[in-house]
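Here's the structure, in C-alpha cells; my notes come after.
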Number of protein chains: 2
Amino acid sequence: MATTASTDRLRRITEAVREAGSIGVAELAALTGASEMTVRRDLEVLAGQGVLERYRGGARSLLLRGEEPPFTLRAQEGIVAKRRIAAEVAGLLADGESVVLDSGTTCLEVARAVAGRRLTVMPLSLHAVNALTGAPQLTLLVPGGRPRPGELALTGPLTQASVAALRFDTAVLGCCGLNAAHGLTAYDLDDATVKRAAIASSRRIIAVAEATKLTRTALAVVAPASSVDVVVTGEDAPEEETDALTAAGVSVRRV
Amino acid sequence: MATTASTDRLRRITEAVREAGSIGVAELAALTGASEMTVRRDLEVLAGQGVLERYRGGARSLLLRGEEPPFTLRAQEGIVAKRRIAAEVAGLLADGESVVLDSGTTCLEVARAVAGRRLTVMPLSLHAVNALTGAPQLTLLVPGGRPRPGELALTGPLTQASVAALRFDTAVLGCCGLNAAHGLTAYDLDDATVKRAAIASSRRIIAVAEATKLTRTALAVVAPASSVDVVVTGEDAPEEETDALTAAGVSVRRV
DNA sequence: ATTTACGCACACGATTACTGTTCTATCGAG
DNA sequence: CTCGATAGAACAGTAATCGTGTGCGTAAAT
C-alpha cells in the first residue's frame, strides 16, 4: 500500500543507477516500461534529492556503497512494520509525558501515531514537526538547528542547546544500527551528537529498530546498548540479537 | 487571483460571523449560496483555526474586536501588494547576508521571494521555514520555540535564545502597526519579545508594512520608530505618516 | 417524544497531477 | 565545423484527487 506507480518507478531507477554506477536513459526507460521523457523527469527529481548526477545520455550514482537511500524512498519501505512499531511506542507513553522524538522515518510514524495524544513533544526533524502542527492537545516544541536537506533532521549547536535546555521523561530514538556488541549507531556524525544530547536529557530511552537494524552497524557510535531501556523491533528480529540485548539489560519488545 | 471559490466563501463566513456575533447555518448557506453541508464543513475548518465556536444550529465568533483574522485568510488579503513589497525587500539584501525573518504573511512572501538566493536565513515562523526547505543555495537556520497555532510563529525562551545566540546583518520585521508616534507595535506580547531580540541581534532593521499598518497601533510596543532603518510600504501609504517616519530618521520606500 | 440539525457515505463535477508525443534548440563527438 | 543524438518546452489525453451536493440514519435539544 501507499506504493503508487511513480514512487515505485523512482525506487527502481534509484536501485538500477546504484547497482550499475552509471546507466543510460534508454536502458532505464526499457527497464521501467516508461517513456524516456518520464525517465528524464524522474532523474531530475532524484538529482534534486542528491541521489544521482545527470550527464548527457544518462545518470551516475552519487550514493556511495553503504550510504542511505533518500528519505522519501525510505519512508515507504516496510511502512507496515514501522506503523506497528510506532503504535507500540505510542502505547508505552503516558499522557502528559514530555518526549524528545528523533529524526528518521520510523520516528516520523511515531509522530503520526501520537498526534492525537496529550503530550509535550520536541521532534528532531521538520518532517515530524509538520506532522504535529495542528495537533490540538499536544504541546509542540521545536528545537533550533540546521535542517539537513531531504532528511530535514535538525542538527548543530542550536539543536544541542535546545535539547540540553530541557529535561524529558522519554527519548524515542531511531538508529541505523543497534546491537549488543556495538551499541546504538548512526550514519551521520551530527545526528549522533544530537542523539547523545537527547539521551543525556531524558530519564527513559526507547529505541525503535526494525529487524534489519539489529544486524547492522553504522559509522557513528552514539551510546552502548545498555543505555537503552526499551527496544521496540519487529517480530522477525533475529533471536540471538534480541537475547544479547536482553542480556545487556535492555527490555526488548517484538511487535 | 489566488482567490478560489472556497477561500472566498470562508472569508465571507468569517466576516458574517464576526459582524453578527453569532449566526445560523441556514443564514450562512443563504448568504453564500452554498449548501448547508458545505457551510458545516467550512465552520469546522474555521473552528479548527480558532476563529469561531460551533453550537447546534450555528456558530459564534471568537474573534474579539481588534483581534486579527486567522493566518490563512490574511495570507490572501492584498497579496499583490505584499509580493511587491517582498520583491523590494529582496532587492535590498545582498548575496551572502545573514537575515532573521519575522513571522507574518508579508514576511512569508519575503521568504518566497528570496528562496532562490544565496543567503543565510533564520525565519521566525514555520510557514517560512517550510517555504525555504529545499532551497539549494540558501542556508536555513531554524530557531527553537513553541509554534503558535495557525500562525506558526515561534516564540518563547527557546526562540529568544536562538536569536540571541547569533548576529545577523539584517532583520526583516513585520508588524501590526508602525508610525512615528507609537513606534513598531504588535498584537502578541510573545511576538513582541522575539522581535525585540531580533532587533538586538541585527545591524540593520528593515520593516515591512502595508499602507494600512501606518495608521494603526497595536497592543505591544516593540521598539520606537527610530530603531528602524528602512520601511518598505505601499504606494498608497499616507504621506503625513511617511513624512513623520522620515523625520524620525527612517528611510521610507514606497513600492 | 418530537423535531431539528448533524455528519457519514456515496456520487457527481471540476480541477489538478501525471504521462506520453511532437518538435525544436542544444550539446558533444569527431 | 558539421552531424547525430539528446534535452527540454509545449501540448494533449488520461488518471487521480479535491470540493461540493444529496440522501439517510443518528444524536441532541426542547
Atom CD of E27(B) and atom P of dA5(C) are separated, to the nearest Å, by 12 Å
Name the residue from T106(A), V110(A), V255(A) that meets the side-chain contact (heavy atoms from CB on, under 4.5 Å) definition with V232(A).
V255(A)
Sub-4.5 Å side-chain heavy-atom contact between C176(A) and E68(A):
yes
Can you measure L28(A) atom CG to dT19(C) atom C1' for me and round it to whole angstrom units?
17 Å
Whole-Å distance separating the CG atom of D42(A) from the C1' atom of dG20(C):
13 Å
R148(B) with D190(B): basic N within carboxylate O range, under 4.0 Å
no
Regarding the side chain of R9(A), the nearest nucleotide among dT19(C), dA9(D), dT22(D) is dT19(C)
Within the structure, does a side-chain N or O atom of S35(A) lie under 4.0 Å from either OP1 or OP2 of dT19(C)?
no
What about R56(B): does its side chain form a donor-acceptor pair under 3.5 Å with the base of dA29(D)?
no
Starting from P on dG21(D), measure out to CZ on R40(B) and report it in whole angstrom.
12 Å
Taking it one step at a time, do E235(A) and R253(A) satisfy salt bridge (charged side-chain N to carboxylate O under 4.0 Å, His left out)?
CA-CA 9 Å; E235(A) 299 186 291; R253(A) 302 180 82 100; over 6 Å; no
Taking CE from M37(B) and C1' from dT20(D), how many angstroms apart are they, rounded to a whole number?
10 Å
To the nearest angstrom, how far is L10(B) atom CG from dG19(D) atom C1'?
12 Å
Residue-phosphate contact under 4.0 Å: T38(A) side-chain N/O, dG20(C) OP1/OP2
yes
dC18(C) C1' sits how many Å from E44(A) CD, rounded?
14 Å
At less than 4.0 Å, is any side-chain N or O atom of R54(A) found next to OP1 or OP2 of dA7(D)? Yes or no.
yes
Salt bridge (charged side-chain N to carboxylate O under 4.0 Å, His left out) evaluation trace for E210(B) with K213(B):
CA-CA 6 Å; E210(B) 297 115 289; K213(B) 305 281 184 70; 3.2 Å; yes
Select base, sugar-phosphate, or nothing to describe what G24(B) touches, counting heavy atoms under 4.0 Å on all strands.
nothing
What's the closest nucleotide to the R41(A) side chain, out of dT26(C), dT19(C), dC6(C)?
dT19(C)
Rounded to whole Å, how long is the line connecting atom CD of E36(A) with atom C1' of dT21(C)?
12 Å
